[in-house]
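Each chain gets a letter, A, B and so on, in the order the sequences are listed, and its residues count up from 1.
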Amino acid sequence: MFASVLVSGLVLGGIYSLVGAGLNLIFGVVKIINFAQGALLMFGAYFSYWIVTWLGIDPYLTLPIVAVGMALLGYLIQTTLINPVLKQERTSQLLITFGISLLIQNGALALWGPDIRFVQSFAGYDTFAFLGIRVGVSAAIAILGAAIIIFLLFVFLNKSKMGTAIRAVSQQSDSALLAGIDVKRVYAIAFAIGSAMVGVASVLMIPIYDIYPLMGEQFGVIAFIVVVLGGLGNVQGAAIAGVFLGVTQNIFAVYVSNQLSVAILFLIFLITLLFRPQGIFIRKMRVS
Amino acid sequence: MAQDCGLVTMASSILSIQNVKKSFGGLDVLKGINLEIEEGKITGIIGPNGAGKSTLFDIISGYQKANEGKIIFEGKDVSKLMPHLLARQGVIRTFQLTRIFRNLTVAENLLVFASNSKNQKGNSNERAIELLEFVHLSGLVNDEASTLSYGQSKLLEFAQVLMHSPKILLLDEPFAGINPGLIDQMMQHLRKLQSEGLTIVLIEHNLPMVAKLCDSIAVVTNGVIEMHGAPDVIVNDSRVKEVFLGGH
Amino acid sequence: MKKKLTSGLAILAVFGLAVSAMPQASAATKSIKIGLLFPTTGPMALLGTDQSVGAEMVLKWANSKGGIKGVPIEIFKGDSKSSPAEGATAAQRLIDQNGVQIIIGSYSSGIAAAIAPVAQRNNVILWEVGAVSPTVNSQRYSNFLRTVGVSATYAAADYDFTVNFLAKKLGKPAKSLRIAIANNDGAFATSVGDAVNSLFTKKGLDVVAKEVYPVTSTDLTPTILKLKAAKPDVLFLTPDAADALLFWQTAQQQNFNVDALVGSSGIGGAGFVAKFGAAGVEGVYDVEAPALATMNYDGLDPAVAALTKEWVKAFAASEGHPCAVHCGDGIGGAYTLVTDVLPRAFAYKNTTLTAKGIIASAMRTNIKEGGTPQGFGVKFSNTSKSTPGENERARSVIMQWQSGSLKVVWPAGLASSTPIAPMVTWDKRK
Amino acid sequence: MRNKKATSEASSILTIPGLQSAGWPAFLGIAVILIGILAFPVAFDVRFYFVQVGILIMFYATLGTAWGIVGGYAGQHSIGQAAFVGIGAYTSTLLYMKLDISPWIGLIAGMLLSALIAAVIGYPLFRYGLKGDYFALGTVALGLIIFEITTSFSTITGGSQGIPLKYEENPLNFQFPNRTVYYYIIFIIWILTVFISYKLRRSRAGFEMLAVRDDEIAAARGGISVLKAKLTAFILAAVISAAAGTFFAQFILFLDPSTVMSLGISVQIILVAVLGGMNSYLGGTLGAIILIPVSQLLASTFTERPGTDIALYGVILIVLMLFMPNGILGLFRNSPKWRKIVGW
């Protein structure tokens with residue numbers, strides 16, 4: 001059984017990495033606590049769902065449209081709602097994203113009702129089985145997709161000019177400004193790419209998870225754990241962190257306490273926050 | 001003081017820095033600093049950028065912990081004290097980049113420093129008024145500090161640290177960004193403070209100014225004290241001229 | 001300026017509240033004001049909405065028939081936002097702003113428990129059609145009347161079915177059946193899971209696993225693997241709507257087979273068969289009040305059966321999915337109220353409706369089996385009982401997914417089909 | 001002229017600015033408002049719903065003001081404040097239900113326990129220098145952990161099924177036949193909280209919090225213990241929140257984790273404080289006066305399409321935060337005179 005638990009944890013971890021990938025840019029670069037992360041994930045899922053319903057295509061084929069649509073939405077959110085309050089109190093940014101989350105979640109409820117919706121991909125609920133260890137095909141696709149987009153993100157950040165600008169801004173926005181980088185534009189692009197990745201996550205997830213207005217809530221919280229655990233802006237770190245969390249959650253659920261298996265993630269998160277250094281670029285001053 | 005009895009020629013040391021070493025991520029910033037700061041004197045610390053001057057200040061004032069070595073203040077080892085405890089002992093510093101409380105008013109900025117010190121002297125109200133007049137901020141008492149210009153902020157910080165009645169004052173580039181007229185006044189004020197018994201240590205790039213103000217000068221290069229002595233000796237040293245005044 | 005602004009605002013607020021708080025005409029009964037208070041947003045919105053819509057259809061039907069003895073019903077709606085505290089405030093608003101005399105609610109036990117004292121203190125009836133926790137009325141509020149069964153009725157039905165059918169059919173003595181119980185840690189699921197567990201252990205059945213998973217869990221594989229390792233013959237599963245689907249999908253992926261799965265809530269929901277198809281859910285049992293859309297109407301009084309069919313059709317048309325259990329709870333509860341209790345309550349006080357009159361009338365309610373859309377009868381426990389106001393005739397039935405519809409299979413008297421066991425294994429489905 | 005004025009002000013700069021600078025009109029205004037609030041439930045023939053809205057306003061005003069101490073004064077944006085509301089509510093309720101101890105005593109017990117837990121939790125958080133967003137996220141995690149633990153230990157807490165409180169009309173049991181009494185109880189809790197917040201703003205301890213908020217490093221240089229300032233604020237806010245929690249459980253007569261300790265409630269608390277202006281002792285109150293009635297009004301207006309009201313609430317929030325990122329009272333910060341009065 002241990003092997004099965006471990007593999008299920010790896011699979012879950014892959015999904016966590018996928019969900020965290022987009023937030024890496026939003027939280028890691030723009031540095032806002034985005035309460036709307038889960039709502040955006042849900043919105044992407046509905047987006048894909050409606051395309052599937054109208055066009056009758058396989059959900060995986062909606063990926064480019066959803067990614068582009070979500071990127072536009074993200075760009076719009078950053079330029080119209082977040083950029084104007086960038087220099088203000090952090091709480092006002094946080095509450096704006098909370099407002100966005102209320103709007104998207106309850107807007108979806110008001111428009112489309114509370115029904116649980118689902119899509120069928122070509123993979124259906126098929127399963128790979130190997131030595132008694134079983135993995136859903138759609139889960140395997142999601143993990144493969146996660147690996148690809150995380151790799152692409154890594155390449156983008158490290159090899160492209162825009163990626164370099166994003167990293168510069170992520171590390172120190174003030175110096176980036178001095179270096180002639182249009183920080184607000186970089187933020188908008190980072191938010192857009194982050195949202196596009198959330199869209200990709202949505203599409204890859206809906207063959208596994210069903211679609212309803214609150215579907216993204218839990219994943220939104222977990223995304224923060226993934227990103228902080230892996231290190232802000234650290235793409236590979238987040239991927240490893242996601243896997244670590246998934247494995248921990250499932251092993252804990254089986255061998256310690258099923259009911260506290262979600263709480264343990266929060267505890268790991270808290271302990272990480274206490275002990276990990278917060279950015280190597282700021283020389284840390286002891287004050288307390 | 002105990003040291004007074006021993007060497008007649010040497011004034012007592014209020015602050016003793018003993019073999020202080022510090023490295024950041026494998027880079028040795030301080031490689032064993034030894035320095036005695038004499039009570040009631042003004043000591044200047046000069047050296048090129050990155051020589052470790054600010055790090056030394058950070059360690060003296062408790063913001064950084066040395067990897068090795070000791071800081072002895074008034075005969076007690078204070079190496080492990082947190083900054084606020086050092087401040088209460090009378091070790092007060094300024095920073096290269098001004099640090100004031102931007103969302104508080106000018107008056108409140110002084111209030112914060114009014115009574116936390118054990119060696120507060122005199123009426124703090126009068127002292128505050130006097131200090132505000134000195135730094136020409138009397139007209140702005142109720143303005144939010146964020147509205148001050150850079151120079152004004154720097155002056156406010158100066159007033160702030162004096163509000164605290166320090167025993168030893170560590171000034172990190174106090175004259176940068178302040179208009180020349182005021183610099184003279186500040187120097188006069190520093191001398192006055194010195195005459196009242198305050199010990200002052202300052203980091204400054206402007207060697208002539210340091211030479212004019214200080215009783216002794218320590219030169220820091222590459223994480224060690226290259227030399228320490230009277231201003232005229234330092235200013236006329238060929239190495240200092242070469243390394244430090246090369247551009248002039 | 002600032003001060004003026006604050007005082008201005010404060011005065012405005014006080015004034016605004018006072019004006020909108022003008023006393024309203026008291027119940028000279030020109031109309032009967034009923035509030036529908038359900039969780040229609042938040043995590044309970046899916047099934048809460050079903051219940052609300054079901055109840056509303058019946059109230060509208062009563063109006064179309066000329067109201068209650070010629071007095072029309074005015075319907076007001078509230079949203080408890082899936083939160084007990086919001087529910088309590090919304091209840092007070094319905095009472096004070098809209099002057100409702102009866103609140104039909106609440107879907108969830110927590111919300112019901114928070115509304116009950118509000119109803120009692122305002123002398124308004126809480127007509128409960130959804131909550132199943134037996135502790136809701138532990139304070140013995142007289143204005144609380146509940147038409148549906150409590151979690152103990154689920155456990156009783158499960159026990160009866162296990163001992164009198166499953167054991168025989170599976171060819172084992174009841175005490176040697178390996179029984180597993182699983183539920184999420186939400187209020188409803190915990191209530192039912194605990195009730196089943198305590199009854200079964202008390203009766204000496206062999207409970208080999210009791211799994212509780214977080215309702216927020218993102219992966220049910222650990223739960224399935226643990227259940228699989230316990231090798232149960234029968235599994236009693238109480239999920240909510242979303243995790244029911246995730247559970248079954250994971251069960252398929254992990255090839256988890258049991259001879260019988262008795263679920264509830266989401267297992268009997270419309271989404272369950274829609275997602276997995278008729279073959280995918282064939283043979284799964286559901287314990288609950290009957291799902292109206294697929295029950296056998298033969299056992300119902302013919303007039304009730306005709307009405308029920310009408311409502312089931314109307315519900316499907318307006319909501320886009322069949323009227324299952326929760327919609328049935330709403331319909332059944334409201335039906336008893338408007339056809340039985342309210343007309344008699346009028347008779348008591350010469351067309352003036354009072355809470356006292358409604359309670360007195362409810363105490364005389366005596367509906368036989370087959371007399372309500374849900375099939376069970378209604379008789380409320382009186383104040384001599386440990387919890388008054390409970391429908392002693394409410395019961396849960398065992399249904400089974402057969403060829404894509406949820407048929408009542410147990411007890412035999414209400415059954416529209418015969419139960420099939422053991423359930424087919426995953427490799428035989430398709 | 002200007003100089004003279006400046007000097008005269010300077011001569012008293014060490015008196016901390018406050019309400020008295022507005023003179024008698026301010027005190028008259030306050031008196032009128034307070035009398036208005038006290039008279040509201042009895043002077044007008046109001047339905048209890050409006051009294052209840054008043055109770056909710058003061059409940060959230062209390063929580064918002066308390067949050068203002070830790071979030072506004074000390075600058076530590078805790079997003080787990082509801083956990084302390086829950087600790088207060090559960091302590092008094094469990095003592096009452098299981099041991100028959102009066103909730104009045106439970107109120108004190110809850111406050112003490114809350115202080116203890118805040119100290120135990122706050123110490124490592126602040127000691128390890130958790131700052132800004134990391135502190136905020138840490139408190140989110142804390143709130144969720146406490147929520148999950150409360151749900152899990154159902155044998156003691158009743159878990160997700162909650163606890164219906166037994167109702168025995170007896171003032172000693174915090175239970176009154178006339179529910180308007182709750183209005184006056186929360187009034188007292190609220191006014192005390194505002195008073196504490198106001199006094200704190202004018203005290204040495206308050207100044208230290210403000211200094212720490214603005215610049216920890218400079219504050220330490222001033223001899224201020226950063227740890228102590230943050231911890232004091234954190235504990236104070238926790239204690240007040242616990243008191244409000246006990247009150248709320250007694251008022252609603254039902255308690256489950258979602259009622260008192262959900263993330264949504266933590267956010268609502270911040271919302272109230274930030275909208276009003278979190279740096280002012282009046283911010284929480286002003287925020288609650290606006291947000292609670294707005295959400296009630298929306299809920300009673302858009303009953304036909306569930307979700308519409310909350311979505312609109314979200315829009316209102318976005319707009320307010322876009323145009324008043326410092327809250328309503330933040331608009332007054334640039335006027336030295338008003339600044340003193342609102343205590344920015």
Side-chain angles (χ1 to χ4, degrees), chain B residues 58 61-63 82-95 97-118 120 123-133 137-147 157 160-161 163-164 166 170, chain D residues 1-18 21 72-73 75 127 129 201-229 277-280 326 330 332-340 343-344:
Chain B
D58 285 351
S61 55
Y63 285 97
M82 283 294 179
H84 68 276
L85 296 176
L86 270 161
R88 288 180 197 175
Q89 303 274 334
V91 181
I92 312 286
R93 69 173 293 191
T94 64
F95 293 88
L97 288 172
T98 313
R99 286 185 178 273
I100 50 169
F101 305 115
R102 295 175 51 79
N103 291 307
L104 301 187
T105 62
V106 168
E108 287 168 337
N109 260 282
L110 291 189
L111 270 172
V112 171
F113 278 58
S115 60
N116 234 332
S117 170
K118 287 173 187 152
Q120 186 77 52
N123 178 318
S124 48
N125 195 30
E126 278 167 19
R127 190 171 173 77
I129 294 165
E130 185 190 309
L131 283 168
L132 282 173
E133 270 170 12
L137 291 175
S138 305
L140 302 170
V141 267
N142 286 319
D143 284 23
E144 196 173 279
S146 62
T147 61
E157 185 182 38
Q160 223 178 24
V161 293
M163 191 69 199
H164 206 296
L170 309 167
Chain D
M1 176 69 194
R2 181 177 157 79
N3 235 346
K4 195 178 170 195
K5 184 170 171 262
T7 321
S8 77
E9 277 194 36
S11 67
S12 63
I13 68 162
L14 292 191
T15 3
I16 300 163
S21 62
Y73 289 3
R127 178 68 187 78
R201 178 66 179 78
R202 295 157 51 83
S203 75
R204 171 95 230 146
F207 267 115
E208 296 192 348
M209 289 172 194
L210 300 175
V212 165
R213 174 194 70 197
D214 270 15
D215 190 334
E216 290 183 7
I217 290 171
R221 180 255 309 271
I224 294 168
S225 165
V226 174
L227 179 67
K228 191 183 123 204
M278 64 178 177
N279 293 2
S280 163
N326 285 308
F332 296 91
R333 63 189 294 191
N334 289 328
S335 149
K337 181 173 179 209
W338 288 105
R339 190 189 175 93
K340 286 181 185 174
W344 192 261

Please flag which part of [X] lies under 4.5 Å from any non-hydrogen atom of chain D: side chain, backbone, both or neither.
| X | value |
| --- | --- |
| B/Ser61 | neither |
| B/Thr94 | both |
| B/Leu86 | neither |
| B/Val106 | neither |

- Note on the structure: Separation between CZ (B/Arg99) and CD (D/Glu216), nearest 0.5 Å, reads 9.5 Å

- D/Ile224 side chain reached by B/Val112 side chain, heavy atoms, under 4.5 Å: yes

- With sequence neighbours excluded, what pairs up with B/Glu157 under the salt bridge (charged side-chain N to carboxylate O under 4.0 Å, His left out) test? D/Arg221

- Item | For D/Asp214, salt bridge (charged side-chain N to carboxylate O under 4.0 Å, His left out) partners two or more places apart | none

- Task: Show your working on side-chain contact (heavy atoms from CB on, under 4.5 Å) between B/Tyr63 and D/Ile217 and close with a plain yes or no.
- Result: CA-CA 8 Å; B/Tyr63 285 97; D/Ile217 290 171; 3.4 Å; yes

- Leading residue by heavy atom contact count with chain D [cutoff under 4.5 Å; candidates B/Ile92, B/Leu104, B/Val161]: B/Leu104

- Message: Testing the basics here: between B/Ala87 and D/Gly222, what is the closest heavy-atom pair and its distance to 0.1 Å?
- Response: CB-C, 4.3 Å

- Note on the structure: All heavy atoms of D/Ser225 vs all of B/Arg88, minimum pair found to be N-NH2, 3.6 Å

- Name the one of D/Arg204, D/Arg202, D/Arg201 that satisfies salt bridge (Lys or Arg N to Asp or Glu O under 4.0 Å) with B/Glu108? D/Arg201

